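A short write-up of the structure that comes next.
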Amino acid sequence: MEETRNSFELVESRDAIELVPRWEAQAWWFFAGGGLILAVVLTVVVLRRKKSVADPHRERREAYREAKEDFREAQGGGVRDAAIRVSVILRRYLARSLGEPSLYETHEEFISRHDALNSLPGDVRDEAAQFFGRLAALKYAPVPPDAEPAAIRDGGLELLERMHAA
């Protein structure tokens with residue numbers, strides 16, 4: 001038998017660079033377009049974030065305006081009702097404007113907390129503590145004391161003015 005010879009020869013490529021895939025122009029346009037879209041999205045996010053930065057005093061002014069309106073509407077009722085309304089109005093103002101948790105605390109928890117009203121000056125803080133003590137005495141007295149509901153509201157309004165001015 002005659003031997004058959006295979007004529008397949010392994011031929012090496014002369015240039016290795018031919019094996020590297022070529023980037024077409026369309027692929028670069030894809031990456032450039034994606035980068036541009038990403039840049040636009042990031043710019044929009046940054047600009048919106050800057051616009052949404054709120055005025056730090058806006059919430060305080062809004063709380064003050066709302067408390068003044070609540071005082072105007074708080075008419076009628078007895079001494080105990082006036083003390084309760086004034087206490088809630090002032091505590092709501094403190095919660096919104098200063099971040100005080102006093103709205104959710106009892107009077108005892110409020111006066112025993114060492115950091116209560118720390119953001120207020122000392123004289124206003126003392127005046128507020130005394131006024132809240134007076135309101136608590138009026139609210140929890142077994143027999144309603146002789147006091148004018150209008151005077152309680154006026155005292156609360158004066159304290160609100162002093163706290164807001166501080």
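Here the structure is a predicted model, which is why all the values come from computation and not from measurement. Side chains are part of it too, since the values below use all heavy atoms of this structure and drop only hydrogens, waters and symmetry mates. Each residue takes its place number in the sequence, starting with 1.
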Rounded distance (nearest 0.5 Å) linking atom [atom1] of [X] with atom [atom2] of [Y]:
| X | Y | atom1 | atom2 | value |
| --- | --- | --- | --- | --- |
| I89 | L159 | CD1 | CG | 12.0 Å |
| R125 | E127 | CZ | CD | 12.5 Å |
| L138 | R80 | CG | CZ | 9.0 Å |
| L90 | L157 | CG | CG | 9.0 Å |
| S87 | R134 | OG | CZ | 12.5 Å |

If you compare all heavy atoms of [X] against all heavy atoms of [Y], which two are closest, and at what distance to 0.1 Å?
| X | Y | result |
| --- | --- | --- |
| F131 | I152 | CZ-O, 3.8 Å |
| Y93 | A67 | CB-CB, 4.3 Å |
| M163 | V124 | CG-CG1, 3.8 Å |

Which residue is it: L47, V40, V46, V45? I am looking for the one with a side-chain contact (heavy atoms from CB on, under 4.5 Å) to T43.
L47
Applying side-chain hydrogen bond (donor to acceptor under 3.5 Å, both in side chains), which residue pairs with at least one partner in residues 147-160 are found, sequence neighbours left out?
none
Testing the 3.5 Å rule here: is there a donor-acceptor pair between the side chains of Y64 and E161?
yes
Let's go through F132 and R91 carefully: what are the C-alpha distance in whole Å and the side-chain angles of both, what is the deciding distance for side-chain contact (heavy atoms from CB on, under 4.5 Å) to 0.1 Å, and is it a yes or a no?
CA-CA 9 Å; F132 278 116; R91 287 174 183 246; 3.9 Å; yes
Under 3.5 Å: donor-acceptor pair, side chain of R60, backbone of S97
no
Quick check against the 3.5 Å criterion: does R96 have a side-chain atom that pairs as donor or acceptor with the backbone of E66?
no
Please determine if R162 and D123 form a salt bridge, counting it only when a charged side-chain N lies under 4.0 Å from a carboxylate O.
yes
Contacts of type salt bridge (Lys or Arg N to Asp or Glu O under 4.0 Å), residue R65, not counting sequence neighbours:
E62, E69
side-chain contact (heavy atoms from CB on, under 4.5 Å) evaluation trace for L135 with Y140
CA-CA 9 Å; L135 289 177; Y140 303 124; over 6 Å; no
Transitive ILVMFWY side-chain link F71 to V79, under 4.5 Å:
yes
